[in-house]
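Quick caveat, the model's predicted, so the values are computed rather than measured. Side chains are part of it too, since the values below use all heavy atoms of this structure and drop only hydrogens, waters and symmetry mates.
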Amino acid sequence: MLENCRNARERWGGVSELIDRWLLSRQNLLIIYSDLAAISEFHDDDPDHGERVQEFSEQLVDYVSAGHFEVYEQLLREGREFNEKEGLKEARILLEQIGDSTEQALDFNDKYLTPDDLSALADDLSALGEALVNRFEAEDRIIAILHEAHRGAAV
C-alpha cells in the first residue's frame with residue numbers, strides 16, 4: 001500500500017506542480033492584460049505601448065501553448081489512469097470550447113506581432129478578455145473533474 005502511494009505521488013505529484021506553475025503563468029498574464037486594458041488611449045508612436053503589447057502577446061502564446069501541449073495532455077492522461085469516463089467526456093467538450101479562444105489568442109498575436117497599428121487594440125483586448133474569461137472557466141472545470149476529484153489519490 002505504501003508503495004502504491006509512493007508511485008501515485010511520483011506519477012501525479014508532478015501534475016500538481018505543473019498546474020501550479022501554469023496557474024501562476026495565468027496570473028502573470030492577467031496582470032499584464034490589466035495593465036494594458038487600463039491604458040485609455042494607445043498611440044502607435046509610443047514605444048512603451050508597443051513593448052507592452054508584445055510582452056502580453058508572448059505571455060499569451062506561452063500560456064496557451066503550455067495548456068495545449070503540457071497541461072491538458074497530463075490532465076487527460078490522469079483522467080484515463082483513474083478511469084474518469086464521464087470526466088473525460090466532459091473535458092473533451094470543454095477542450096473544444098477552449099479551441100475557440102486559442103484561435104482568438106493566436107489571431108491577436110499575429111495581428112500585433114509588429115505593433116505598428118494600435119488603433120483597434122482596445123476593442124481587440126476587450127474581445128480577447130471575454131474569450132479568456134470563458135477559457136479560464138473551462139480550464140478550471142477540467143482541472144476540477146480530472147485532477148481535483150481524486151487529488152488525494154493522485155498526490
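- Side chains of Tyr112 and Asp124: a donor on one and an acceptor on the other come within 3.5 Å.
- Glu58 CD to Leu29 CG: the interatomic distance, rounded to the nearest 0.5 Å, is 12.0 Å.
- Taking all atoms of both residues into account, the shortest heavy-atom contact from Leu118 to Pro115 is CD2-CB, 3.8 Å.
- For the pair Gln54 (side chain) and Leu113 (backbone), a donor-acceptor distance under 3.5 Å is present.
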Using the side-chain contact (heavy atoms from CB on, under 4.5 Å) rule, take Glu70 and Ser65 through it: C-alpha gap first, then chi angles, then the decisive distance, then the call. CA-CA 8 Å; Glu70 296 175 46; Ser65 297; over 6 Å; no
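- With hydrogens and angles ignored, the 3.5 Å screen pairs a side-chain donor or acceptor of His49 with a backbone N or O of His43.
- Taking CD of Glu78 as the start and CD of Glu81 as the end, the distance is 9.0 Å to the nearest 0.5 Å.
- Between Arg52 and Asp48, at least one side-chain nitrogen of the basic residue sits less than 4.0 Å from a carboxylate oxygen of the acidic one, meeting the salt-bridge criterion.
- Across all their heavy atoms, Ala105 and Val64 have their closest contact at CB-CG2, 4.0 Å.
- Clustering ILVMFWY residues whenever any of their side-chain heavy atoms sit less than 4.5 angstrom apart, transitively, puts Val53 in a cluster other than the one holding Val61.
- Gln59 and Tyr33 share no donor-acceptor pair across their side chains, judged by distance under 3.5 Å alone.
- Annotation: the span from Arg80 atom CZ to Leu146 atom CG amounts to 9.5 Å, rounded to 0.5 Å.
- Taking CG of Leu94 as the start and CZ of Arg135 as the end, the distance is 12.0 Å to the nearest 0.5 Å.
- Between Leu60 and Leu132 the shortest side-chain heavy-atom distance falls below 4.5 Å.
- Residues Phe42 and Leu36 come closest through the heavy atom pair CZ-O, 3.3 Å.
- Taking the ring centroids of Phe108 and Phe56, they lie under the 6.0 Å cut-off.
- Remark: the Thr114 side chain and the Asp116 side chain contain no N/O donor-acceptor pair separated by less than 3.5 Å.
- Closest approach of Ile145 to Ala91, counting heavy atoms only: CD1-N, 3.8 Å.
- Looking at Ser25, its side chain never comes within 3.5 Å of a backbone N or O of Arg21 through a donor-acceptor pair.
- The distance from atom OH of Tyr63 to atom OG1 of Thr102, rounded to the nearest 0.5 Å, is 10.0 Å.
- The shortest heavy-atom contact between Ala131 and Ser101 is O-CB, 3.8 Å.
- Under a 4.0 Å N-O distance rule, the pair Glu139/Arg26 qualifies as a salt bridge.
- Counting only heavy atoms from C-beta outward, the side chains of Asn134 and Glu137 approach each other to under 4.5 Å.
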Test side-chain contact (heavy atoms from CB on, under 4.5 Å) applied to Leu75 and Val71, step by step: CA-CA 6 Å; Leu75 289 169; Val71 178; 3.8 Å; yes
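- Neither Leu106 nor Leu95 shares a network with the other; the hydrophobic side chains, linked directly or stepwise wherever heavy atoms of I, L, V, M, F, W or Y lie under 4.5 Å apart, form separate groups for each.
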Carefully, step by step, assess Ile93 and Gln97 under the rule side-chain contact (heavy atoms from CB on, under 4.5 Å). CA-CA 7 Å; Ile93 292 167; Gln97 294 170 5; 4.0 Å; yes
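- Taken to the nearest 0.5 Å, the CG atom of Asn109 stands 10.5 Å off from the CG atom of Leu128.
- Proximity of Asp20 to Leu24: side-chain heavy atoms (C-beta onward) are nowhere separated by under 4.5 Å.
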